[in-house]
Amino acid sequence: MWLQKKHMTVSEIRQQFFDFFESKGHQIVSSAPMVVKNDPTLMFTNAGMNQFKDFFLGYQTPQQRRVANSQKCLRVSGKHNDLEEVGVDTYHHTMFEMLGNWSFGDYFKEEAIGWAWELLTKVYQIPVDRLYVTVFEGDQKDGVPQDTESINIWKKWIAEERIIMASKKDNFWEMGDTGPCGPCTEIHVDLRSEAERQQTAGKTLVNQDHPQVIEIWNNVFMEFNRKADGSLEPLPAKHVDTGMGLERLAMALQGKQSNYDTDLFQALIQSVVNVSGVSYGQHESTDIALRVIADHIRAIAFSIADGQLPANNGAGYVIRRILRRAVRYGYQTLGLKEPFLCELSLVLGAQMGAPYAELLTQKELIYKVIKEEELSFFRTLELGIKRIEDLIAQVKASGQQQISGAAAFELYDTYGFPLDLTSLIARENELSIDEEGFAQELDIQKERSRAATSLETDDWMQVHPDCNTTFIGYDQLSAPVQIIKHRKVSQKGKVFYQLVLDQTPFYAEGGGQIGDSGTLSSSNEQVRIFDTKKENNLIVHLCSELPKDLSATFTAQVDAAKQAATAKNHSATHLLHHALRSILGTHVEQKGSLVTEKGLRFDFSHFSKVTDEELAQIEAHINAAIQANIALEENRALDIEAAKAKGAMALFGEKYGDKVRVIEFGASVELCGGIHVPNTGQIGVVKITAESAVAAGIRRIEAITGTVAMTYFKEKAAQLEQIDALLKKPKDLVKAIEELQLKNNSLQKELERFAKMQAQQLKNELKAEVVAHNGMQVLFKELNTDAATAKDILFQLRQEFDAFVGVIGHKEADKCGITIILNEALASKNNWQANQWIKEISGHIQGGGGGQAAFATAGGKNAAGLQTALAHLKSKLG
RNA sequence: GGGGAUGUAGCUCAGUUGGCUAGAGCGCUUGACUGGCAGUCAAGAGGUCGUCGGUUCGAGCCCGAUCUUCUCCA
C-alpha cells in the first residue's frame, strides 16, 4: 500500500469531493430520497443519476448545469447483487453512497476526465502507477465508433499503456432500450502489494473481477440518442454522468482490503462487537454476521428516515426482509436474543447524521420502528421454534430421518421461519432437510405470484407525433384534446387501454390524491375514462374501450362532482396536518396519505394514542380554519429553496431542480401538486371518524368532509331523534339508556333464575313419573318445549339415578325432536348405543339425528310421529 | 396484487370424522389455613367461539362473503 500523508475518514473523503467540485463551479445538491415514489418500475434509488433522469430525457431544463452530490442508493436485487450475498463477501452492500458530478449540456469529456484525474491523483493522492483507465473500443454492429476523443484526452494525463480498450458490455451505457446513451470511461485502481504487483501486471487484471484491482469511477458521456429502430443519432445537448462508490473509494484511500475495514463500517461493527462479545477477525462465520449487520442497519435506518417503514408488501417488505436477515445473523451466529439493531441505529446516526440530517431529526422514530420490528420477529421465531419442535417429534416418531421440503416450506412460508434456522435445528436433532423439495415449493409459489401479477402491455401505438403533454387541470375541467398514443394492457384476464393526450385536465393519481375520472367525447362517440395514473412523467388515462376514430379531436371532461369532493378532502388534509403539528407538536410528520371523494386518511409520526380530547381539539382547529374561510394561495413554480423559506413542510419525493408548487391556506404551507378548493369555507365541515395505529410510532386519522360529513351528521341526528322518541323524550337521554341497560340486566338475571326454577320444578314433576323397569329407572315423556330445555332436564335427572333411561319427545312450533339420555355405566354395561337408536327412529319424525352412546338427539318436522318413535325406543329396554 | 395461516374467558391456548350442557393453565373475586407475606385448599365470576349469510334435526368445527393479525412471493 502507498503511504498517505494523512489518514482520511469517510466523512473527510466525502467532504473533499464536494469541495473539489464546488471549486469547479458545481452546485452541491442534497441526495434524493432513497425510496422512490410514483415510479412503478423502481422501488429504490439505485444510481446517482436517477433524480436527474428528466434532464437527460429533455423533459425538464435544469437551473444549474453543473451539479455534484453524494446519493444514497439501495440495491437488493439484480444479477450482481443478491441480498443473500451481502456480508458473505467483503464488497457487496445493500445501501451505499454514490459520489457523482454532472454536466447537463455544459462541459464534456475534456473537463470531466481532467477533473477526475486531478481529484484522484492530486487531492486524494493516489499514485499514478496504480491507476488504469478503460475506454470504449467501438462496436461495428452498432455502428458506434471508437471513443478516440476520450483516448486522446487521457493521453495527456496517463501513459498510453495504461489505457485499455473495452467492449460495449463494459463501456457503453444506455438508459433503456431507447433514449440517451453513450460511451463511458472507467478508472480502475490496483490495491495489491508490491510483491504481487511485481509478479502479475495490473493491466491484465482490469475487469477480471479481481477483488483488489477494481473500478472506482465511471464517467458516462451521453452523446447519442438510441431510436426505436436501434439506430443512433447525436444528441443536441451532451451530458456527463459520473458515479464513484464512496465505500470502495474509502477502502482504497484508507489502504484497506475490504469496504468493511473503513472507519465508517468499523464503528458499526465495533458497536456490535461490544454487545455480543465476539471480536471481528476471529471466525469467518461471526465476521459474516458482523458485516451483514453493519451493512443492513444502514439500509434500514435510511429507509425509515425516508418514510418507508417495514411492511408486508412492496418496498416496505424489502426493508422488513433486510431487517430480519440482520436479526437472524445476530440471533443465530452472535447469540443476540434481545433487540440490538435499534441501538445500532443511534451509532449510525452519530456517524452519518452530519451529511444526512434526516437520521437525526427522525432518530426517535427510527429507533422505535426498528425495536418494534425486532420484537415482532423474535415472537415469530419463538412460535416457529415451537412448531419445529412438534414437527421434529412427529418425524422422529414416524421413524424418518428427513424433514420434507413441504414441511420446511410451510414453516418458512406460513410462519416466517427462516430455512437456515430450520436446518440448523434439524441438524441438532440429527435430521436432514429435503432442500430440493423446498426449492420446488418456493418455485411454485413464485410462479403463482408472477402469473397473478403479470401485466401484459402491447407496444404504444402512435397517433400523433410525440410531443410533451401538458397538464391543464389546475385551471380547466374540460378541454379539446387529441390522442398522442395508446396501448392495450391486460391484467388477470381484464383488458383495458391507456391513452396519452396532448393536453389534459385529468389529474393523475399522486400525492395521495386519487386520479380523476370522466369522459372523452367527439361529435359522434364517447368513452369513459375510469382512472388516471402517472407513469414516470406520462399522464396515462385508463379506459375500457378505445374510441373508433382515434385521430378525432375530443372534448375531455373531468367528472366535476367527484373532483370537487376530492378537493375538499385534500384541502382538509392540509388543514389536518397543520392542526396536528399545532396541537400534538412539530414531531408530527406526514407518513402517508390517501385522498378520495369519499374521505381522507392521513398517517403521521406520533408516539402515543391521540386522546379523545386531543382529537376534539384537532377537529375544532380545522373547523375554525374552515369557518375563517381562508383563501387558497397557490404558487405553481417556486424554487425549492424559496418554498422552504416560506416554511413549506417538505414531503418525500421532491428532487433537486424541481420547480415546486406551494399550496397555502393561511398558516398551512405545503408542497403539493393536488387539486384544492379556492377557499377553506367550501370544505363545509370536517368530522374525524377514526384514529388508529398503523405501525410503531405511526398513527392514522380518518375523516370526512362536505356532503359526506353532512350526510353522516344527518343520519346520526335522525337516529338520535328516533331513540329519543322511543324513550318518550327523556330529560337526560344518556342516563335513560343507562337505566334501561341496568334494568335489562337485572331482568335477564331474574329470568334466568326463573327459568332454572321452572326447569327444577318440571324436573321434580317428571321425577314422579319415573318408573322402574327391569331394574332401571325409566322416563318416557312428550313435552311442549324446546330441545335445550329437554336436554337440561334430562341431564339433571340423570344425576339423581344410577340406572336411568330418559327419553323426551319435544315439540315446538313446526319443529319437533327426541332426546335420549342414559347413565354412562348403564350404556356401556348393556353395550347400548343411543346414537344408533336415534338413527332408527328419526325417520318417524321426518328428520335425522345422532350423538354419543349415552346421549343422543334427533330433530324433525313430523310431531305426529313422536308417539311411534317413543314406543319403538321402549321396546329396546326389553 | 397473489398464496398460506390465524381469530374460542382478562392472558396463553385445547376443542379428534359436525352431536360428551364450550374446556385447561395463568390471572381475577370471595372464603378457609397461616402472626403477615409467599403458599395451599375450596367456592365463584368471566365467553354473541371475529362479523354476516348458508347447509343440517343439530355448527366453535362444513360452505360462501367480509374484516383483523401473522407470513411468504411479486
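- Only the P atoms considered, U40(B) is 22 Å distant from A45(B), to the nearest whole Å.
- Within 4.0 Å of Gly817(A), counting heavy atoms only, lies no atom of the nucleic acid at all.
- In this entry the distance linking CZ of Phe378(A) with P of C70(B) reads 17 Å, nearest Å.
- Considering only side-chain atoms of Lys446(A), the nucleotide from C70(B), C13(B), C73(B) that sits closest is C73(B).
- Leu381(A) places its CG atom 12 Å from the C1' atom of U71(B), with the value rounded to the nearest Å.
- Asn823(A) places a side-chain N or O within donor-acceptor distance of the main-chain N or O of Phe801(A), the cut-off being under 3.5 Å.
- Relative ring orientation between Phe378(A) and Tyr331(A) is described as tilted, the plane-to-plane angle lying within the 30° to 60° band.
- Residues from residues 855-869 of chain A with heavy atoms under 4.0 angstrom of RNA chain B, sorted by number: Thr857(A), Ala858(A), Gly859(A), Gly860(A).
- Taking 4.5 Å as the limit, some side-chain heavy atom of Thr94(A) sits within range of a side-chain heavy atom of Leu83(A).
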Quiz item: Could you go step by step and tell me if Leu538(A) and Gln498(A) meet the side chain to side chain contact (heavy atoms under 4.5 Å, CB included) rule?
Solution: CA-CA 11 Å; Leu538(A) 283 181; Gln498(A) 298 183 326; over 6 Å; no
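- A salt bridge links Arg328(A) with Asp420(A): the closest approach of a Lys/Arg side-chain nitrogen to an acidic carboxylate oxygen falls below 4.0 angstrom.
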Protein-nucleotides 3-7 of chain B N/O pairs closer than 3.5 Å?
| unit_1 | atom_1 | unit_2 | atom_2 | d |
| --- | --- | --- | --- | --- |
| G3(B) | O2' | Arg448(A) | NH2 | 3.1 |
| G3(B) | N2 | Asp413(A) | O | 3.4 |
| G3(B) | N2 | Asp413(A) | OD1 | 2.8 |
| G3(B) | N2 | Asp413(A) | OD2 | 2.7 |
| G4(B) | O2' | Thr414(A) | OG1 | 2.8 |
| G4(B) | N2 | Thr414(A) | O | 3.0 |
| A5(B) | O2' | Tyr415(A) | OH | 3.4 |

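- No donor-acceptor pair closer than 3.5 Å links the side chain of Glu702(A) to the backbone N or O of Gly599(A).
- In this structure, CG of Asp443(A) is placed 10 Å from P of A74(B), rounded to the nearest angstrom.
- No engagement by Ser842(A) is indicated, since no non-hydrogen atom pair under 4.0 Å with the nucleic acid exists.
- The separation between Arg379(A) atom CZ and U71(B) atom C1' is 14 Å, rounded to whole Å.
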Exercise. Just do the side chain to side chain contact (heavy atoms under 4.5 Å, CB included) check on Lys861(A) and Lys815(A) with the steps written out, would you?
Key: CA-CA 5 Å; Lys861(A) 295 180 180 78; Lys815(A) 277 187 174 180; over 6 Å; no
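- Of the two residues near RNA chain B, Thr380(A) and Lys815(A), the one whose nearest nucleotide lies more 5' is Lys815(A).
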Quiz prompt | Residue pair Gln402(A), Ile433(A): steps toward the side chain to side chain contact (heavy atoms under 4.5 Å, CB included) verdict | solution = CA-CA 5 Å; Gln402(A) 196 182 47; Ile433(A) 286 184; 5.6 Å; no
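- Using a cut-off of 4.0 Å between Lys/Arg side-chain N and Asp/Glu carboxylate O, Glu410(A) and Arg387(A) are scored as not salt-bridged.
- Applying a 4.0 Å cut-off to non-hydrogen atoms, the residues of residues 317-330 of chain A that approach RNA chain B are Tyr317(A), Arg320(A), Arg321(A), Arg324(A), listed by residue number.
- Contacts of Gly851(A) with the nucleic acid, taken as non-hydrogen atoms under 4.0 Å apart, include base atoms.
- Residue pairs meeting the ring-ring contact (aromatic ring centres under 6.0 Å, His included) criterion with at least one member in residues 838-863 of chain A, sequence neighbours excluded, are Phe795(A)-Phe855(A).
- Distance Ile838(A) CD1 to C20(B) P: 14 Å, rounded to the nearest Å.
- One atom, CZ of Phe377(A), and another, P of U69(B), lie 20 Å apart when rounded to the nearest Å.
- A salt bridge links Arg325(A) with Glu84(A): at least one charged nitrogen is closer than 4.0 Å to a carboxylate oxygen.
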Table of protein N/O atoms under 3.5 Å from nucleotides 47-55 of chain B N/O atoms:
none

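- Here C72(B) presents its P atom at 13 Å from CD of Glu84(A), a figure rounded to the nearest Å.
- Taking 4.0 Å as the cut-off between side-chain N and carboxylate O, Lys533(A) and Glu509(A) count as a salt-bridged pair.
- Each of Ile821(A), Leu822(A), Val778(A) was evaluated against Phe804(A); a single residue qualifies, Ile821(A), per the side-chain contact (heavy atoms from CB on, under 4.5 Å) test.
- Comparing Lys791(A) and Phe409(A) along RNA chain B, the residue whose closest nucleotide (by nearest heavy atom) sits nearer the 5' end is Lys791(A).
- Annotation: U55(B) and C70(B) have their C1' atoms spaced 31 Å apart (nearest Å).
- Atom-to-atom, CG of Asp390(A) to C1' of C13(B) comes out at 13 Å; the value is rounded to the nearest Å.
- G25(B) and G44(B): their P atoms are spaced 14 Å apart (whole Å).
- Taking atom C1' in both U66(B) and C73(B), one finds a spacing of 24 Å when rounded to whole Å.
- For Gln400(A), the CD atom sits in a packed shell: over 12 heavy atoms of surrounding residues, nucleotides or ligands are nearer than 6.0 Å.
- To the nearest whole angstrom, the two P atoms, one in U8(B) and one in G3(B), are 24 Å apart.
- Between G31(B) and A24(B), the two C1' atoms lie 24 Å apart (nearest whole Å).
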Exercise. For the pair Ile388(A) and Ile392(A), evaluate side chain to side chain contact (heavy atoms under 4.5 Å, CB included) and give the outcome as yes or no after the intermediate values.
Key: CA-CA 6 Å; Ile388(A) 196 172; Ile392(A) 285 172; 4.1 Å; yes
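- Rounded to a whole angstrom, the distance from the C1' atom of U16(B) to that of C41(B) is 34 Å.
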Self-check item: Dot-bracket encoding per residue of RNA chain B, Watson-Crick/G-U cut-off under 3.5 Å, | denoting interstrand
Solution: (((((.(..((((.....[...)))).((((((.....)))))).....(((((..]....)))))).))))).
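- Between Phe438(A) and Phe409(A), a ring centre-to-centre spacing shorter than 6.0 Å is recorded.
- Between U6(B) and U68(B), the distance separating the two C1' atoms is 9 Å to the nearest Å.
- With Phe496(A) as the aromatic partner, Lys488(A) does not meet the cation-pi criteria of under 6.0 angstrom to the ring centre and within 45 degrees of the ring axis.
- Shortest non-hydrogen contact noted between Ala790(A) and His810(A) is CB-CD2, 3.7 Å.
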